[in-house]
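The structure appears right after this line, and notes come after that.
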Amino acid sequence: MLINILGQIAGFLIFIGFIFLIIKSVKLNPSQFKLMEGEEILKNVKGDYWQRTLGQEVQNSGEFAFTNQRIMFRSMFQWFGGLNVEISYREIVSVEKANVKGIMPVAFIVKTANGGSYKFAIMKRDIYIDLINSIIKKESEEN
């Protein structure tokens, strides 16, 4: 009888954990991004950062904040150390369309002046590519 009760409690806790993950994966949380003075979030969206590890691409799901100064990404699982990426628009030298797993046309690659390459996947990628390019163009015209 005690084993039965403990099994039901464990099952309930697992169920609650799944519900928490589903809610966290759907709801945006712009307050998690620490903004600099004068910085504002222009677009906030869920998406993935694809990181090359040991010769293969690994998906990191999370949330993006496209601000007037930089691109920021925070992975969903911050309590495990998380993955955070920040790229200033001043560092970006190119933005190129890409595919996920060679077939899904939802990704783009941001290349930086220091040789960095970041692959992001967001539905309706053209919106974000256009946003990045317009900010870069605006900054270059101001300088």
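- Relative ring orientation between Phe120 and Tyr49 is described as tilted, the plane-to-plane angle lying within the 30° to 60° band.
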task: Decide side chain to side chain contact (heavy atoms under 4.5 Å, CB included) for Val95 and Ile109; before the verdict, give the C-alpha distance in whole Å, the side-chain angles of both, and the deciding distance to 0.1 Å.
output: CA-CA 6 Å; Val95 181; Ile109 297 172; over 6 Å; no
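- When all heavy atoms are compared, the tightest approach of Ile122 to Lys46 is CG2-O, 4.1 Å.
- Looking only at distances, a side-chain donor or acceptor of Tyr89 sits under 3.5 Å from a matching main-chain atom of Thr67.
- Linking ILVMFWY residues whenever their side-chain heavy atoms come closer than 4.5 Å, directly or via other members, leaves Ile127 and Ile41 in distinct clusters.
- Side-chain contact check for Tyr118 versus Ile71: every heavy-atom pair is 4.5 Å or farther apart.
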task: In sequence, state the C-alpha distance, the side-chain angles, and the governing distance for Lys101 and Trp50, and then conclude on side chain to side chain contact (heavy atoms under 4.5 Å, CB included).
output: CA-CA 10 Å; Lys101 298 291 185 185; Trp50 288 83; 3.9 Å; yes
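- For the atom pair CD of Glu96 and NZ of Lys111, the computed distance is 4.0 Å after rounding to the nearest 0.5 Å.
- Here Lys119 does not pair with Asp48 in a salt bridge; the nearest charged N to carboxylate O distance is not below 4.0 Å.
- Minimum heavy-atom separation, Val100 to Ala121: CG2-CB, 3.8 Å.
- Remark: the backbone N or O of Glu63 is not paired with any side-chain donor or acceptor of Arg74 at under 3.5 angstrom.
- A salt bridge between Glu91 and Arg70 is absent, with no side-chain N of the basic residue lying under 4.0 Å from a carboxylate O of the acidic one.
- For Asn68 (side chain) and Ile135 (main-chain N/O), no donor-acceptor pair under 3.5 Å exists by modelled atom type.
- Here CD1 of Ile92 is found 8.5 Å from OG1 of Thr112. Values are rounded to the nearest 0.5 Å.
- Going from atom NZ of Lys34 over to atom CG of Asn84 covers 9.0 Å, rounded to the nearest 0.5 Å.
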task: With side chain to side chain contact (heavy atoms under 4.5 Å, CB included) as the test, would you mind laying out the steps for Ile132 and Ile129 before giving the verdict?
output: CA-CA 5 Å; Ile132 294 166; Ile129 292 171; 5.7 Å; no
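- Side-chain heavy atoms closer than 4.5 Å link hydrophobic residues (I, L, V, M, F, W, Y) into clusters, and following such links, even through other members, never connects Val85 to Val58.
- Note that CG of Asn29 is 12.0 Å distant from CE of Met76, once rounded to the nearest 0.5 Å.
- With a 4.5 Å cut-off on side-chain heavy atoms, Leu35 and Met72 count as touching.
- Taking the six-membered ring for Trp, Tyr128 and Phe108 have ring centres at least 6.0 Å apart.
- The closest donor-acceptor contact from the side chain of Asn44 to the backbone of Phe64 lies under 3.5 Å.
- In this structure, the separation between CZ on Phe73 and OG on Ser61 is 7.0 Å, given to the nearest 0.5 Å.
- Taking CD1 of Ile136 as the start and CG of Leu131 as the end, the distance is 9.5 Å to the nearest 0.5 Å.
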- prompt: How far apart are the C-alpha atoms of Gln51 and Leu83, what are their side-chain angles, what is the distance that settles it, and do they pass the side chain to side chain contact (heavy atoms under 4.5 Å, CB included) test?
  reply: CA-CA 10 Å; Gln51 185 177 28; Leu83 174 69; 4.1 Å; yes
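- Other residues, nucleotides and ligands place more than 12 heavy atoms under 6.0 Å from the CE atom of Met36.
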